[in-house]
There are 2 protein chains.
Amino acid sequence: MARKQLAVADQPLRLDNQICFAIYSAAHAFNRVYKPLLDRLGLTYPQYLVMLVLWEKDGVPVKDIGERLFLDSGTLTPLLKRLEAAQFIKRTRSKEDERQVLIALTPPGQALKEKARAVPQQVLVASACSIPELSAMKNEIVALRDRLNAAVGE
Amino acid sequence: MARKQLAVADQPLRLDNQICFAIYSAAHAFNRVYKPLLDRLGLTYPQYLVMLVLWEKDGVPVKDIGERLFLDSGTLTPLLKRLEAAQFIKRTRSKEDERQVLIALTPPGQALKEKARAVPQQVLVASACSIPELSAMKNEIVALRDRLNAAVGE
DNA sequence: GCACATTCAATTGCGAACAATTAAATGTGA
DNA sequence: TCACATTTAATTGTTCGCAATTGAATGTGC
């Protein structure tokens with residue numbers, strides 16, 4: 001009985017009961033799936049995320065990319081310098097507001113989008129999941145993320 | 001029309017359609033929630049995960065912790081050294097197999113478990129979610145993670 | 001116009017995360 | 001037994017991720 005009481009009290013601390021660990025470990029699992037695919041493009045996963053943002057719209061300041069990806073300049077500045085060294089982007093100070101650095105795609109950076117189109121399909125296969133299932137999970141996770149950010153943000 | 005065709009072809013590359021980004025950004029959101037709570041315990045989030053494993057069962061080799069958390073020695077060795085420096089654990093070579101380093105909790109490491117009991121409840125509040133909802137999501141995410149790992153592992 | 005606060009990116013320092021390699025201990029087959 | 005493979009941690013080097021600080025540019029209230 002005492003034994004069982006203890007086990008019950010320990011439930012909230014059990015690793016397998018933690019949704020945060022599920023998400024943490026799933027993020028690593030995705031990273032492992034993406035790695036060989038992105039190696040061919042010459043991108044890391046966070047660099048791929050930045051490129052996704054830029055393929056939607058480039059010529060944007062660092063801050064906008066950071067807000068989109070929930071990353072700050074401490075992460076983005078060196079990452080963007082590596083993307084510039086790889087010739088995928090160009091960083092230029094804004095004329096209108098010299099505090100801002102605008103990020104634009106180079107022709108190779110634009111061209112990389114075509115090579116990247118193969119990636120999502122291969123990840124989909126690895127997930128062994130249907131698009132509607134993934135979409136539903138995605139919406140739940142985004143809603144959870146936004147509530148967590150709201151709880152911290154205020 | 002041509003405009004719309006392009007937009008359709010771009011859908012798989014849109015950031016907001018990517019479940020991997022949902023998970024990636026949710027992991028960071030969790031980290032932001034945990035940070036102030038774990039600061040009081042003197043732990044980082046990955047260190048907290050290691051302690052969760054050890055609170056369930058200690059005296060285990062590094063490899064076991066790694067398999068549980070999907071981490072390798074390159075990550076764990078320095079992390080465990082920091083936990084040892086903080087007096088929460090003790091690292092000792094196994095007598096039976098000198099390749100193994102066994103990780104045991106110190107009394108302060110054991111005692112920390114009691115302080116940690118407050119953490120899950122506070123994260124639950126921040127999630128603004130019911131336990132059954134979180135549990136259902138957790139199971140879906142774990143299943144997805146395991147399929148991803150299986151796709152890479154083979 | 002001028003002190004003051006705010007915004008934006010860069011920098012520094014620390015802690016993961018992982019690939020690749022190394023070294024020591026152990027296991028195995030001939 | 002002895003060559004060889006395997007297992008286990010540790011190490012090295014690169015890339016995130018973030019807190020805290022800095023410095024320049026811009027906005028503001030008086």
Side-chain angles (χ1 to χ4, degrees), chain A residues 20-21 24-36 38-39 42-51 60-67 69-86 89 91-103 149 152-153, chain B residues 20-21 24-36 38-39 42-51 60-67 69-86 88-89 91-103 149 152:
Chain A
C20 61
F21 174 63
Y24 170 90
S25 55
H28 292 330
F30 264 114
N31 201 36
R32 278 188 283 273
V33 170
Y34 272 101
K35 179 125 199 350
L38 295 180
D39 277 351
L43 295 174
T44 65
Y45 181 68
Q47 289 169 5
Y48 173 68
L49 292 181
V50 168
M51 295 301 284
V60 297
V62 174
K63 185 179 192 293
D64 286 18
I65 298 173
E67 283 175 357
L69 300 179
F70 305 98
L71 296 174
D72 70 1
S73 67
T75 301
L76 287 174
T77 296
L79 187 156
L80 291 169
K81 284 182 177 175
R82 283 186 284 271
L83 283 178
E84 187 174 41
I89 64 165
R91 306 182 320 128
T92 47
R93 288 257 161 215
S94 166
K95 290 290 176 197
E96 295 80 46
D97 184 343
E98 295 214 349
R99 290 170 303 184
Q100 296 184 344
V101 168
L102 301 182
I103 309 299
N149 278 334
V152 175
Chain B
C20 62
F21 174 64
Y24 169 91
S25 55
H28 292 166
F30 265 115
N31 201 38
R32 278 188 283 273
V33 170
Y34 272 101
K35 180 125 201 348
L38 295 180
D39 277 351
L43 295 174
T44 64
Y45 181 69
Q47 290 170 6
Y48 173 69
L49 292 181
V50 169
M51 294 302 284
V60 295
V62 174
K63 185 179 192 297
D64 286 18
I65 299 173
E67 281 176 358
L69 299 179
F70 305 97
L71 296 174
D72 68 2
S73 68
T75 301
L76 286 174
T77 296
L79 187 156
L80 291 168
K81 284 182 177 175
R82 283 187 283 269
L83 283 179
E84 188 173 41
F88 292 137
I89 65 164
R91 305 181 322 129
T92 47
R93 287 258 159 216
S94 166
K95 290 289 178 202
E96 295 80 44
D97 185 341
E98 297 214 351
R99 291 170 302 182
Q100 296 185 344
V101 169
L102 303 180
I103 308 299
N149 279 334
V152 175

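Note on naming: letters A, B, ... go to the chains in the order of the sequence lines (proteins, then strands), and numbering restarts at 1 for each one.
Proximity note for Asp97(B) (side chain, C-beta onward) versus dA10(D), dA10(C), dT26(C): the nearest is dT26(C). Of the candidates dC18(D), dC8(C), dA9(D), dC8(C) carries the atom nearest the Gln100(A) side chain, counting heavy atoms from C-beta on. If you check dT26(D), dT8(D), dA9(C) against the side chain of Lys63(B), the one that comes closest is dT8(D). Nearest nucleotide to the Pro46(B) side chain, out of dC18(D), dG15(C), dA17(C): dA17(C). Side-chain atoms of Asp72(A) lie closest to dC18(D) of the nucleotides dC18(D), dA25(C), dT11(C). Here the nucleotide nearest the side chain of Arg99(B), chosen from dC8(C), dA24(C), dC18(D), is dA24(C).
Phosphate contact (OP1/OP2 of dA17(C), side-chain N/O of Tyr24(A), threshold under 4.0 Å): present. Residue Lys81(B) has a polar side-chain atom (N or O) positioned under 4.0 Å from OP1 or OP2 of dT11(D). The phosphate of dA16(C) has OP1 or OP2 within less than 4.0 Å of a side-chain N or O from Arg82(B). Contact check, Arg91(B) against dA10(D): a side-chain N or O comes under 4.0 Å of OP1 or OP2. Residue Lys35(A) places none of its side-chain N or O atoms closer than 4.0 Å to OP1 or OP2 of dC16(D).
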- [ ] Apply side chain to side chain contact (heavy atoms under 4.5 Å, CB included) to Leu83(A) and Met51(A), showing your working.
- [x] CA-CA 9 Å; Leu83(A) 283 178; Met51(A) 295 301 284; 4.2 Å; yes

Open item on the list: Apply side chain to side chain contact (heavy atoms under 4.5 Å, CB included) to residues Val50(B) and Leu76(B) and explain how you reach the verdict.
Closed with: CA-CA 9 Å; Val50(B) 169; Leu76(B) 286 174; 4.0 Å; yes

Task: side chain to side chain contact (heavy atoms under 4.5 Å, CB included) between Arg32(B) and Phe70(A), worked out - done: CA-CA 11 Å; Arg32(B) 278 188 283 273; Phe70(A) 305 98; 3.9 Å; yes

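Remark: the Thr75(B) side chain and the dA16(C) base include no donor-acceptor N/O pair separated by less than 3.5 Å. Taking 3.5 Å as the limit, the base of dA9(C) and the side chain of Thr77(A) contain no donor-acceptor pair of atoms between them.
As a whole-Å value, the separation of Tyr45(B) OH from dA16(C) P is 13 Å. Atom NZ of Lys95(B) and atom C1' of dT26(C) are 17 Å apart (whole Å). Between the C1' atom of dT15(D) and the OH atom of Tyr48(A) lies a distance of 19 Å, rounded to the nearest Å. Computed from coordinates, the Leu80(B) CG to dG15(C) P distance equals 14 Å when rounded to whole Å. With rounding to whole Å, Phe21(A) atom CZ is found 11 Å from dA17(C) atom P. To the nearest angstrom, C1' of dG17(D) lies 10 Å from CG of Leu76(A). Rounded to whole Å, atom C1' of dA9(C) lies 14 Å from atom CD of Glu67(A). One can place CZ of Arg93(B) at 8 Å from P of dA25(C), the figure rounded to the nearest angstrom.
Contacts of Leu79(B) with the nucleic acid, taken as non-hydrogen atoms under 4.0 Å apart, involve only primed sugar atoms and P, OP1 or OP2. When heavy atoms are screened at a 4.0 angstrom cut-off, Leu71(A) is found touching the sugar-phosphate backbone but no base atom. Backbone-only engagement by Pro61(B) is indicated by non-hydrogen atom pairs under 4.0 Å involving sugar-phosphate atoms exclusively. Thr44(B) comes within contact range of the sugar-phosphate backbone alone, with a heavy-atom separation under 4.0 Å but no base atom that close.
Taken from CG in Leu49(A) to CZ in Phe21(B), the straight-line distance is 6.5 Å, to the nearest 0.5 Å.
Mapping Glu96(A) and Ser73(A) onto DNA chain D via the closest heavy atom, the residue that lands nearer the 5' end is Ser73(A).
Under a 3.5 Å cut-off, the side chain of Asp72(A) and the backbone N or O of Thr75(A) do form a donor-acceptor pair.
Using a 30° and 60° split on the angle between ring planes, Tyr24(A) and His28(A) fall in the perpendicular class, above 60°.
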